[in-house]
2 protein chains.
Amino acid sequence: MAEDALTRTRNLFIRRWGEMGATWGISRTMAEIHALLFLTGEPFCTDDIMEQLQVSRGNASMNLRHLVNWGLIRRTHLRGDRKEYFISDLDAWQMFETITRERRRREVEPIIETIDRCRKDLATEMDGLDADKQTEAKRYDEKLEDMIEFIHAVNALLDTVLSSGGGKIRKLTGALMRFAAGVRQTGS
Amino acid sequence: MAEDALTRTRNLFIRRWGEMGATWGISRTMAEIHALLFLTGEPFCTDDIMEQLQVSRGNASMNLRHLVNWGLIRRTHLRGDRKEYFISDLDAWQMFETITRERRRREVEPIIETIDRCRKDLATEMDGLDADKQTEAKRYDEKLEDMIEFIHAVNALLDTVLSSGGGKIRKLTGALMRFAAGVRQTGS
DNA sequence: CAATTGTTTCAGATATTAATGAAACCACCC
DNA sequence: GGGTGGTTTCATTAATATCTGAAACAATTG
């Protein structure tokens, strides 16, 4: 039947997107709403979403708000209509950028702070420890330093990729691959 | 007191690591066990872990198994001791690689399949649709194509980074940054 | 300013997920 | 084969996260 191919595609995509979101820290409904808006590119109002996804008003409202806070969708209005509509007009790369920045701020920054604090803590108390403990403390510190370095390296890499924008990603990857090949040949 | 700096550091790190894991799809206990093994680098048996983290035998056993399945820790034995011990001897980069590969296999592959299926579905039914629907279908397809391209680009980038190994990351990032700067100047 | 339309909140209900602990299991040794 | 030390399973319980729906709230209109 004519309409089914579209609807089926939409629903399948929405369901999977929702599941995927769930394995990340994003609630299923939130991911599904996003999928719906992203895929259609059209403005939807709260009632549309309630009907399409069969969720309650409260649920729809909450998750729409979260999505707006994340910067993944935005409010909009249709002329001649009092209702608020929501729309997703970011492309995949912009979405990635938004999510990355948000998660970094919410999750990575705190762990960096924690590690720094742990290391300071260790350093200040180092003197008071006997030899065995000092060795152990040193081992901890090395691990923590490694971790910090790793995080910084990934951050730097991400910044570079993000700031270069989606349009250039293929060029970047190409360059990177060539470079990596070079590094591998000449050794570290 | 002498012992406290070590213990405090350890516990703080473990707690945070656990929380962080929880916001990813990793259960708190699993992340905490991993943090404990990672930070100390020492072999622990099930009973050690039960005591250190105050969890039940079943919980410890289950999560140890998961960690082994993920490839993040491995079983080992101490001579003269029948018990099984567990150890984490991967560095941050190896961990990243392991987790990335695992998550890609478990979460990204399925969504690629879904999208491909959606697009095939759309393509085969395209002819039967009237003009409006065709336009809409086309729009869906474009979105899906974008998404696929994005995923492939990220995969390629990740492969490059992963295959180059942790030791070379700084060189890679440096090269990438220089290149990105070049691209930005000359335009896409 | 009352009626209408639309949005947000929140206490309680529901569903999902993780943890417990006792029992079953396994492998080895004597 | 039976005892011992160790590991795994799984039904039950506990904790979390999520969703609902009705009520409170805001804004707009006639």
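So that the names make sense, note that chain A is the first sequence line, chain B the second, and so on, each numbered from 1. Model, not experiment: these values are computed from the prediction.
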Going by the side chain to side chain donor-acceptor pair (under 3.5 Å) test, name the single residue among A:E107, A:E102, A:E109 that passes it with A:R105.
-> A:E102
Is any NZ, NE, NH1 or NH2 atom of the basic residue among A:R8 and B:E125 found under 4.0 Å from an Asp or Glu carboxylate oxygen of the other?
-> yes
Assert: residue with more 5' nearest nucleotide on DNA chain C, out of B:R28 and A:C45, is A:C45
Listed by chain and number, what are the side chain to side chain contact (heavy atoms under 4.5 Å, CB included) partners of A:T76, not counting sequence neighbours?
-> A:P43, A:R74, A:Y85, A:I87
Indicate whether any N or O donor in one side chain lies under 3.5 Å from an N or O acceptor in the other, for B:D159 and B:N155.
-> no
Between A:D48 (CG) and C:dT7 (C1'), how many Å, whole number?
-> 15 Å
Taking the side chain as every heavy atom from C-beta outward, state whether A:R104 and A:L158 have any atom pair closer than 4.5 Å.
-> yes
D:dT18 phosphate, OP1 or OP2, under 4.0 Å from A:T29 side-chain N/O = no
Rounded off to whole Å, could you give me the CE-to-C1' distance for the A:M50 and D:dA22 pair?
-> 12 Å
Please report, rounded to the nearest Å, how far the P atom of D:dG6 is from the CG atom of B:L64.
-> 16 Å
Do A:S56 and A:M50 come close enough that some side-chain heavy atom pair is under 4.5 Å?
-> no
Minimum-distance nucleotide to B:S27 side chain [options: D:dT8, C:dA18, D:dC19] | C:dA18
List in numerical order all residues of residues 56-63 of chain B for which some heavy atom is under 4.0 Å away from an atom belonging to DNA chain D.
-> B:R57, B:G58, B:S61
Protein-nucleotide distance (B:Q54, atom CD; C:dT20, atom C1'), rounded to Å | 13 Å
Taking only heavy atoms on the protein side, list every residue of residues 76-88 of chain A lying under 4.0 Å from any atom of DNA chain C, sorted numerically.
-> A:R82, A:K83, A:E84
Salt bridge B:D91-A:K143, side-chain N to carboxylate O under 4.0 Å = no
Interatomic distance where CD belongs to B:E32 and C1' belongs to C:dA19 [whole Å] = 13 Å
Does NZ or CZ of B:R106 fall inside the cone over B:W70's six-membered ring, less than 6.0 Å from its centre and within 45° of the axis?
-> yes
Can you tell me the distance, in whole Å, between the CZ atom of B:R75 and the P atom of C:dA27?
-> 13 Å
Can you check the A:I49 CD1 to C:dG6 P distance for me, whole Å?
-> 15 Å
State, yes or no, whether a side-chain contact exists between A:E42 and B:R139 at a heavy-atom distance under 4.5 Å.
-> yes
Starting from P on C:dT17, measure out to CH2 on A:W24 and report it in whole angstrom.
-> 18 Å
